[in-house]
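Nothing here was measured: the structure is a model prediction, and the numbers come from that model. Counting starts at 1 for both ligands and their atoms, in listed order.
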Amino acid sequence: MPAVSAHAPGKTILCGEHAVVYGQPAIAIPVTQVQAKAIVMANPRGSANQIRITAPDIQFDDYLENLPETHPIKQLLLKLQNLLQLSHFPAFDLKIHSTIPIASGMGSGAAVSVAIVRAVSTFLGCPMSNEQVSSLAFEAEKSYHGTPSGIDNTVITYARPIFFIRGQPFETLHVRQPLIFLIANSGIKSETATVVGEVRQAWQNDPNRYEALFHAIGTLTIQIRRRLERGPTEEIGSFLTANHQLLQELGVSCPELDELVNAALSAGAQGAKLTGAGRGGNILALVTEDTLAPISSALRAAGATNLYLTNLMPATNET
Ligand code: PMV
């Protein structure tokens, strides 16, 4: 039997992170420059449930049965088995590759889950719908994140720009004009679950203040959506920067992210903000073809370890 492979892109959150956990809208876009890939190969000589999982990029090599019950990949495969009502899995080897930086807000966990569900379900002869893939990846996100909003698994499964409100069907965004976003990695790893937990604690201590901040972020997200869909796009940059200031007030930025945001703005970015959970990971900047080179240099000089580009194109959003 030939190997079956599937892949999934990374993602970045344009606006609305953290507030989205509390019911406010957020916008996320795929980053196809990075991706997770899962490859499944039958092992005809193996016994039932003998599943070898390798991830050469992180020197991981083990059998499913040896993983703790809490391991996200184990949970994912057991949920898949349950959904497919299989008494056991045939023996197979599952190889995972990913170019998505870990713990950086680019959705590496969700992308690995999506790629695994697609590859394994196809290998088993029961390919899943996007809805099923996203819902299984959401279950796995709970073991990475604790209380995820569901935005990561959704944007990564459907691989298109989305307007997302927790618990509601997402909407695909159709942008009016092409936009270029430059993503810069601070090189600082940050656990989403930790930062989301701290925001929750702060919200519990001072609900009025935090709900006002979440609401202000939600209002910006709606304004950004309107400008993306109908223009004028000139104001989007200042809304993104305003979103960063609100994230600073939430307490999820850090000096390194602020320095990257300031460097991008000083070098001519139309707007810049941290993206994802914060306290590390990435910032994104709205750039043009003309400002891309100077902003890239400024970001590297300010400590960016990696840069990624993602474009929003009107044509690619037509379904
Ligand atoms: O996975 P990250 O770091 O992009 O963060 C996800 C965004 C949050 O809003 C902080 C959490 C969530 O589940 O939506």
Side-chain angles (χ1 to χ4, degrees), residues 8-31 34 36 72 98 100-114 134-135 137-159 161-168 170 181 183-203 210-211 213-218 220-221 224 240 243-244 246-254 256-257 260 273-284 306 308 310:
K11 71 100 207 343
T12 192
I13 296 182
L14 212 55
C15 51
E17 52 274 269
H18 287 291
V20 69
V21 176
Y22 298 83
Q24 295 293 334
I27 295 172
I29 58 179
V31 181
V34 288
S98 177
I100 307 174
I102 294 170
S104 302
M106 289 185 85
S108 92
V112 165
S113 298
V114 167
S134 184
S135 138
F138 179 61
E139 291 303 315
E141 283 290 279
K142 288 184 188 163
S143 32
Y144 286 114
H145 279 196
T147 55
S149 63
I151 193 168
D152 281 20
N153 50 286
T154 307
V155 64
I156 286 168
T157 300
Y158 291 88
I162 61 165
F163 179 84
F164 180 90
I165 297 177
R166 184 178 192 160
Q168 295 185 18
F170 73 90
F181 293 96
I183 299 165
N185 193 325
S186 65
I188 303 169
K189 295 212 186 317
S190 165
E191 292 300 334
T192 300
T194 309
V195 188
V196 169
E198 285 173 18
V199 171
R200 183 168 296 277
Q201 187 65 55
W203 165 67
Y210 279 79
E211 269 155 35
L213 289 170
F214 298 145
H215 186 263
I217 291 174
L220 279 177
T221 298
I224 290 171
L240 293 174
N243 190 172
H244 182 71
L246 291 168
L247 288 162
Q248 285 176 315
E249 287 189 52
L250 276 187
V252 298
S253 193
C254 62
E256 293 83 355
L257 290 177
L260 290 175
K273 64 181 277 293
L274 73 83
T275 171
R279 296 272 174 72
N282 296 328
I283 66 119
L284 65 78
N306 276 303
Y308 309 91
T310 192

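Considering both main-chain and side-chain atoms, Lys11 comes within under 3.5 Å of ligand 1 through a nitrogen or oxygen pair. Considering both main-chain and side-chain atoms, Ser149 comes within under 3.5 Å of ligand 1 through a nitrogen or oxygen pair.
Protein heavy atom closest to atom 9 (O) of ligand 1, with residue, atom name and distance, is His18 N, 2.9 Å. For atom 7 (C) of ligand 1, the closest heavy atom belonging to the protein is Ile13 CD1, 3.5 Å.
Ring orientation note: the planes of Tyr22 and Phe214 are close to parallel, at an angle under 30° on the 30°/60° scale.
Contact annotation: for Val195 versus ligand 1, there are no heavy atoms closer than 4.0 Å.
Under the 4.0 angstrom criterion for non-hydrogen atoms, Met106 is not in contact with ligand 1.
Taking every non-hydrogen atom of Pro148 and a distance limit under 4.0 Å, the qualifying atoms of ligand 1 come out as 13 (O). Listed by number with element, the atoms of ligand 1 under 4.0 Å from a non-hydrogen atom of Gly105 are 2 (P), 3 (O), 4 (O).
Side-chain contact between Ile217 and Leu250: present, with at least one pair of heavy atoms (C-beta onward) separated by less than 4.5 Å.
Looking at Asn282, its side chain never comes within 3.5 Å of a backbone N or O of Thr275 through a donor-acceptor pair.
Remark: Glu17 CD to Asp152 CG distance equals 10.5 Å, nearest 0.5 Å. Remark: Leu213 CG to Gln248 CD distance equals 11.5 Å, nearest 0.5 Å.
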